[in-house]
Amino acid sequence: MKKLLVLTDFSPNAAHAEAAALRYSAKLGWGIVLYHTLRFIPLIPSDTAGPYVTETTSMLFADARERLSLEADHLKKLAGSVPHYHPDIEIKNGEGTLSDVIEEISGQREIEMVIMGGRSDSALEHLLTGSDTAAVIRKAVKPVLILPTGAEQYIPQYVVFATDFNTADLPAIDFLIDLSETLDFHFDVVHVVQSNEVAADIVPKVTFSKFLAQRGLSCTQIPGKNVHKSLHEYCRAHQANVLAMTHGRHSLISRLFSQSESLTAITDKQSAVLVFPPAFNKSV
């Protein structure tokens with residue numbers, strides 16, 4: 001069974017993401033893996049076979065396991081309001097930071113997408129300021145959906161995919177096509193044409209356009225001096241509630257991160273961000 005990996009730290013932001021994951025699970029027919037990792041494990045040095053786990057460690061793991069069980073029970077109760085839906089919810093806890101564990105846990109064969117909560121500011125702002133989020137989108141193997149607390153928990157109706165004609169965008173678009181067939185959302189592929197943009201090599205654009213045409217899609221090009229503001233205005237005008245993009249050394253999101261303007265200009269507190277991490281291209 002395909003599954004959603006839902007990262008939780010038991011905060012209200014995480015609970016918001018868990019509730020959204022439940023809606024995705026019901027619509028997609030996928031299971032849920034509810035995951036929490038302990039940042040540190042207290043160890044006591046030993047003269048025998050190395051350090052050993054303290055009683056405190058065992059208590060921390062037991063406490064995390066109990067809280068995960070409570071979260072799972074809460075989600076199952078919420079699922080009771082959905083006719084004919086009986087969620088498959090698995091709980092797992094790990095050791096270390098998300099940076100330590102996310103590659104392995106998200107790389108498991110049944111995991112299709114990662115869902116996590118952002119803070120109360122915009123999801124893209126959180127990508128810059130949240131170290132855990134930054135680690136996840138750098139090292140995860142599957143697409144990562146980041147939901148700020150203001151974002152609606154409902155299934156998206158309109159998704160905007162921002163592109164710079166990078167080849168890494170191609171498998172991401174195929175993923176969105178497959179997802180849209182089940183979730184029934186519309187999505188646009190958009191490229192912001194800046195006034196100083198020079199098309200030194202038109203091959204990537206031509207290749208990209210042919211790829212889209214084969215799938216019955218096209219790329220909307222919008223003029224704009226500022227990529228941030230242009231994307232924000234386009235999303236707002238079309239009432240898009242998810243902005244999607246790839247992340248990599250030469251990707252659009254990297255260029256956005258290198259600029260000084262606040263990323264809150266791209267999306268508001270009600271919008272989610274779907275990021276395709278660098279490793280996603282290697283996993284498909």
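Since the structure is predicted, the reported quantities are computational estimates derived from the model, not experimental observations.
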Could you go through the side-chain contact (heavy atoms from CB on, under 4.5 Å) check for I105 and I111 one step at a time?
CA-CA 8 Å; I105 190 69; I111 300 300; 5.9 Å; no
Interatomic spacing from CG in L212 to CG in L170 - rounded to 0.5 Å
8.0 Å
Might you work through the side-chain contact (heavy atoms from CB on, under 4.5 Å) test for L38 and E95, ending with a clear yes or no?
CA-CA 5 Å; L38 295 171; E95 170 187 346; 5.5 Å; no
Flag side-chain contact, heavy atom, 4.5 Å: I32 against I115:
no
Under the side-chain contact (heavy atoms from CB on, under 4.5 Å) criterion, do N241 and F185 qualify, and how do the steps go?
CA-CA 11 Å; N241 49 2; F185 62 75; over 6 Å; no
More than 12 heavy atoms of other residues, nucleotides or ligands under 6.0 Å from CD of E90: is that the case?
yes
Atom pair CD (E66) and CG (L70), whose distance is rounded to the nearest 0.5 Å
5.5 Å
Say you draw a straight line from CE of M113 to NZ of K142; how long is it, rounded to the nearest 0.5 Å?
11.5 Å
Rounded to the nearest 0.5 Å, how far apart are NE2 of H74 and CD1 of I89?
10.0 Å
Considering residues, nucleotides and ligands other than Q108, do more than 12 of their heavy atoms fall under 6.0 Å from its CD?
yes
Nearest 0.5 Å, what's the CG-CD1 distance between L274 and I146?
8.5 Å
Check the side chains of E18 and T8 for a donor-acceptor pair under 3.5 angstrom, ignoring hydrogens and angles.
yes
Any side-chain heavy atom of V141 within less than 4.5 Å of one from E103?
yes
Can you list every pair that meets salt bridge (Lys or Arg N to Asp or Glu O under 4.0 Å) and has a residue in residues 177-190, with sequence neighbours left out?
none
Should S180 and V159 be marked as a side-chain contact (heavy atoms from CB on, under 4.5 Å) after you check the CA-CA gap, both sets of side-chain angles, and the distance that decides it?
CA-CA 9 Å; S180 67; V159 176; over 6 Å; no
Any side-chain heavy atom of C219 within less than 4.5 Å of one from T163?
yes
With sequence neighbours excluded, tell me which residues meet salt bridge (Lys or Arg N to Asp or Glu O under 4.0 Å) with K139.
none
Between P277 and A140, which heavy-atom pair has the shortest distance, and what is it?
CG-O, 3.3 Å
To the closest 0.5 Å, what do you measure between OG1 (T37) and CG (L7)?
9.5 Å
Taking all non-hydrogen atoms of both residues into account, name the closest pair between A168 and T246 and its distance.
O-CG2, 3.6 Å
Test item: R138 and H247 side chains (from C-beta on) under 4.5 Å apart, heavy atoms
yes
Output all residues satisfying ring-ring contact (aromatic ring centres under 6.0 Å, His included) with H36, sequence neighbours left out; order by chain, then residue number.
F10
Using the ring-ring contact (aromatic ring centres under 6.0 Å, His included) criterion, which residues pair with F175? Sequence neighbours excluded.
F276, F280
Is it true that a side-chain atom of T207 and a backbone atom of P204 form a donor plus acceptor pair closer than 3.5 Å?
no
Treating S25 as the side-chain partner and W30 as the backbone partner, does any N or O pair qualify as donor plus acceptor under 3.5 Å?
yes
ring-ring contact (aromatic ring centres under 6.0 Å, His included) involving H238 - partner list, sequence neighbours excluded
Y158, Y234
Between Y24 and I177, is there shared hydrophobic-cluster membership here, with clusters defined by ILVMFWY side-chain heavy atoms closer than 4.5 Å?
yes
For V6 and A21 the tightest heavy-atom approach is CG2-CB, 3.5 Å
Are side-chain N/O atoms of S11 and D9 paired as donor and acceptor at under 3.5 Å?
yes
What are the two closest heavy atoms between V192 and G224, and how far apart are they?
CG1-O, 4.1 Å
Is there side-chain contact between K2 and L28, with heavy atoms separated by less than 4.5 Å?
no
If you look at every heavy atom in F61 and G94, which pair is closest and at what distance?
CE2-O, 3.9 Å
F211 six-ring centre to R215 NZ/CZ under 6.0 Å and within 45° of normal
yes
Suppose we screen for salt bridge (Lys or Arg N to Asp or Glu O under 4.0 Å). Which residues come up paired with D100, at least two apart in sequence or across chains?
none
Using a cut-off of 6.0 Å, state whether more than 12 heavy atoms not belonging to K76 lie near its atom NZ.
yes
For A162 and L243, the nearest pair of non-hydrogen atoms, with its separation, is CB-CD1, 4.3 Å
If we check side chain to side chain contact (heavy atoms under 4.5 Å, CB included) with P156, which of these qualifies: V242, L145, L179?
V242
